Amino acid sequence: MKKLVALILLMAIAGNIVGCSMQVRAENLMDGITPNEVSALDDLGAYNADVTDFAVRLFKASEECGENTLISPLSVLYALAMTANGAKGETLAQMESVLGMTVEELNLYLYSYMKNLPQGEKYKLSLANSIWFTDDERFTVNQNFLQTNADYYGSDVYKSPFDSKTCKEINNWVKEKTDGMVPEILDEISSEAVMYLVNALAFEAEWAKIYEEGTIRDGKFTKEDGTEQNVEFMYNTEYRYLEDENATGFMKYYKGGKYAFVALLPNEGMSVSEYISSLDGEALIKMLSNPKSTTVRTSIPKFETEYDVEMSKILKNMGMTDAFNDVKADFTDLGTSTAGNIFISRVLHKTFISVGERGTKAGAATVVEMKDGVSDIMEEIKSVYLNRPFVYMLVDCENNIPFFIGTMMDVNG
C-alpha cells in the first residue's frame, strides 16, 4: 500500500467563548525555531481588493443551487497560503493565480492582518496556528518551511508519535482555540499521516444595538419553491443601505463598528443562484466601501446553520490543478517522503453560524490533506425584509473584506 503523507490545515471562526485547558504531550520544537522579525504593512489597502475577489470567486465556485451555503474565505486563504509555502514551480504558480497574490505577498498580508486585528470588550476576531508532524523517520520536514510559517503565522511546532493520543491533542487544541465551537475535527490519525498544519480563527461580536423583546416577532420565511416556514424575525432600523442593479441590502454593525453583518436580498424574480453568478469582487468591495446613509427598515430571521464541503473539485475548477496531481505536484519545499511524490488529496471545509438577538457567533475549519503515491482522480425610507432566500456576509469594516459569506435558502435547514 502506498504510504499516506497528510497535511491538514484547520481553521475555525467561533464565538461565545468557553475556555478549556489542554495537556500537550508532543515535543514543542519552537525552542529551536525563533521567529524572525517581520515588518508589518501599515496599509492593507493595496491587497484588500484581491482578497475580496478571491472570496467572491470561491463563493461562486462553492455555491450549491437551492441549498444553504456558508464558507469562510479567510479560513481557506490562510490554509492554502500556508500550504503554498511548501510549493514550487508550476504548482506554486497555479496556487498563486487562484489565491490572487504571490506567496510572498500572501505571507506579508496575512501576517499584517493578524497583527492589526481590532479587539474590544464586545467584539473579537483572533487567530492561532500550530504545526504537528510525525516522529517517524520516513518523513523529513523542510526546516525553511517551518521557519517561514513561524515567521509569518506564529506557528507552534510539535513533533509527536502519530497515535490516538496525538489525535486527541490536536482536537483539544482546536477546541480550545475555537472556544468549544469545533470540539472535534479529526476522527483518527492514519499510520501513514506525517503532518498537520492547524489554524484556528475565533469570532464573537455583540450587536451595536441588541434586539429587545418587542422587536422580535413571528413571521413567514418563503423558500424559492414557495414553501413557507414559521420563524422568529428580528426587526430594527439601520442606516447603511446597499444596492446594486440586482439586489438591495444593508449593513448592521457590531459594537465598536469594526465588523458588520451584511445582507443582500436579490430582486423579486431573481434567484439567489442567478444573483451569485452576477457578483463581481471589484463591484462588491466598492459597494461595501460606499454604503448609502439612509433609513432602512430591516428584519433578520434568527437562524443557526452548519455547512461542510470537500473543495478539491472547486479549487481544480478555479485553476489549481497540479497541486492535486500525484505526478505534477511539487511540494518539495514542504518536505520529502520515501514513499513517493507529495500532492494535495482533499480540502475539507466546515462552517457554523448562529445569528440571534444579542449578536453573532461563527465557526469554520479548513482541512488540507496531502498524500504521496497515486491520486484519486427627506430621505427615502428603504425596506429590506429578509423573508425569502438571501446572501449574507460577516465583513471586516476597516478593510471591507468578507471573512464569512453564505446563502440562507432554508431557515430550518
Side-chain angles (χ1 to χ4, degrees), residues 11-20 44 48 55 70 72-75 78 112-128 174-183 199-216 232-242 249-264 288-289 291 293 295-306 351-365 384 386 392-406 408:
M11 278 208 143
I13 296 186
N16 213 22
I17 295 163
V18 180
C20 60
L44 301 179
N48 287 331
L70 178 63
S72 173
L74 190 62
S75 168
Y78 268 92
S112 303
Y113 191 85
M114 290 173 65
K115 287 293 184 182
N116 292 290
L117 286 175
Q119 308 290 349
E121 184 180 346
K122 299 295 184 179
Y123 60 90
K124 173 187 176 183
L125 178 61
S126 60
L127 298 117
V174 170
K175 181 178 180 180
E176 180 181 20
K177 299 303 181 182
T178 63
D179 306 311
M181 289 292 292
V182 182
N199 177 282
L201 190 157
F203 175 75
E204 178 183 22
E206 188 175 287
W207 299 122
K209 183 179 180 182
I210 296 172
Y211 291 96
E212 303 296 338
E213 185 177 351
T215 64
I216 302 172
E232 285 186 298
F233 284 92
M234 303 178 293
Y235 290 86
N236 207 350
T237 299
E238 306 300 336
Y239 300 95
R240 291 295 182 268
Y241 179 71
L242 302 171
F250 60 91
M251 300 180 74
K252 180 175 179 60
Y253 290 101
Y254 297 101
K255 279 217 165 86
K258 302 297 185 180
Y259 302 104
F261 176 90
V262 168
L264 296 170
L288 294 176
S289 302
S293 295
T295 300
V296 51
R297 294 168 179 154
T298 69
S299 73
I300 303 174
K302 292 174 65 174
F303 67 91
E304 183 173 291
T305 187
E306 296 178 343
T351 54
F352 166 87
I353 191 169
S354 177
V355 177
E357 56 266 42
R358 295 197 64 84
T360 300
K361 54 183 180 180
V384 180
L386 303 179
Y392 64 97
M393 308 174 197
L394 300 182
V395 173
D396 171 349
C397 298
E398 292 194 342
N399 297 289
N400 293 305
I401 64 171
F403 57 92
F404 257 67
I405 182 168
M408 178 45 59

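If you're wondering where the values come from, they're calculated on a predicted model, not measured in any experiment.
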ask   = Looking at OH of Tyr78 and CE of Met114, how far apart are the two atoms once the value is rounded to the nearest 0.5 Å?
value = 5.5 Å

key: Point-to-point distance, once rounded to the nearest 0.5 Å, from OH of Tyr241 to OG of Ser293   = 13.5 Å

inquiry  = Test side-chain contact (heavy atoms from CB on, under 4.5 Å) on Val395 and Tyr259; report intermediate values, then the result.
reply    = CA-CA 6 Å; Val395 173; Tyr259 302 104; over 6 Å; no

ask   = Looking at residues at least two apart in the chain, or sitting in another chain, which of them share a ring pair (Phe, Tyr, Trp, His ring centres under 6.0 Å) with Tyr253?
value = none

side-chain hydrogen bond (donor to acceptor under 3.5 Å, both in side chains) involving Thr237 - partner list, sequence neighbours excluded = none

message = Could you report the tightest heavy-atom contact between Met393 and Pro402, atom names first, then the distance?
response = SD-CB, 3.9 Å

ask   = Once you round to the nearest 0.5 Å, how far does CG of Leu288 lie from CE of Met251?
value = 6.0 Å

remark   = Heavy-atom closest pair (Lys209 atom, Lys252 atom, distance to 0.1 Å) is O-NZ, 3.6 Å

query = How would you list, by chain and number, every residue that makes a ring pair (Phe, Tyr, Trp, His ring centres under 6.0 Å) with Tyr254, sequence neighbours excluded?
reply = Phe203, Trp207

ask   = How far apart are the closest heavy atoms of Thr178 and Ala200, and which atoms are they?
value = CG2-CB, 4.1 Å

remark   = Hits for side chain to side chain contact (heavy atoms under 4.5 Å, CB included) against Glu206, two or more places apart or cross-chain, chain-then-number order -> Lys122, Ile210, Lys255, Arg358

ask   = Can you tell me how far the CD atom of Glu357 sits from the NZ atom of Lys302, to the nearest 0.5 Å?
value = 3.5 Å

query = Would a 4.5 Å heavy-atom cut-off, applied to side chains only, mark Leu44 and Ser112 as touching?
reply = yes

Verdict with supporting geometry, Leu74 and Tyr113, side-chain contact (heavy atoms from CB on, under 4.5 Å) = CA-CA 11 Å; Leu74 190 62; Tyr113 191 85; 3.8 Å; yes

Audit row: Phe250, Leu264, side-chain contact (heavy atoms from CB on, under 4.5 Å) steps and yes/no = CA-CA 7 Å; Phe250 60 91; Leu264 296 170; over 6 Å; no

note = With sequence neighbours left out, the residues meeting side-chain hydrogen bond (donor to acceptor under 3.5 Å, both in side chains) with Lys115 are none

query = Taking Leu394 as the fixed residue, which of Val262, Ile353, Val355 is the one that meets the side-chain contact (heavy atoms from CB on, under 4.5 Å) rule?
reply = Ile353

request  = Output the distance between atom CZ (Phe233) and atom CG (Leu386), rounded to the nearest 0.5 Å.
outcome  = 8.0 Å

ask   = What's the shortest heavy-atom distance between Phe352 and Leu70, and which atoms?
value = C-CD2, 4.0 Å

inquiry  = Just checking Gln119: does its CD atom have more than 12 heavy atoms from other residues, nucleotides or ligands closer to it than 6.0 angstrom?
reply    = yes

request  = Return the minimal non-hydrogen interatomic distance between Pro73 and Ile405, and the atom names on each side.
outcome  = CG-CG2, 3.7 Å

key: Qualifying salt bridge (Lys or Arg N to Asp or Glu O under 4.0 Å) pairs, either residue in residues 393-405, two or more places apart   = Lys258-Glu398

ask   = If every non-hydrogen atom of Gly256 is compared with every non-hydrogen atom of Tyr123, which pair is closest and at what distance?
value = CA-CE2, 3.7 Å

message = Distance check, rounded to the nearest 0.5 Å: Ser299 atom OG versus Glu232 atom CD?
response = 13.0 Å

query = Is there a donor in the side chain of Asn236 and an acceptor in the side chain of Thr298, or the other way round, less than 3.5 Å apart?
reply = no

message = Between Glu204 and Lys124 (salt bridge meaning N to carboxylate O under 4.0 Å), is one present in this structure?
response = no

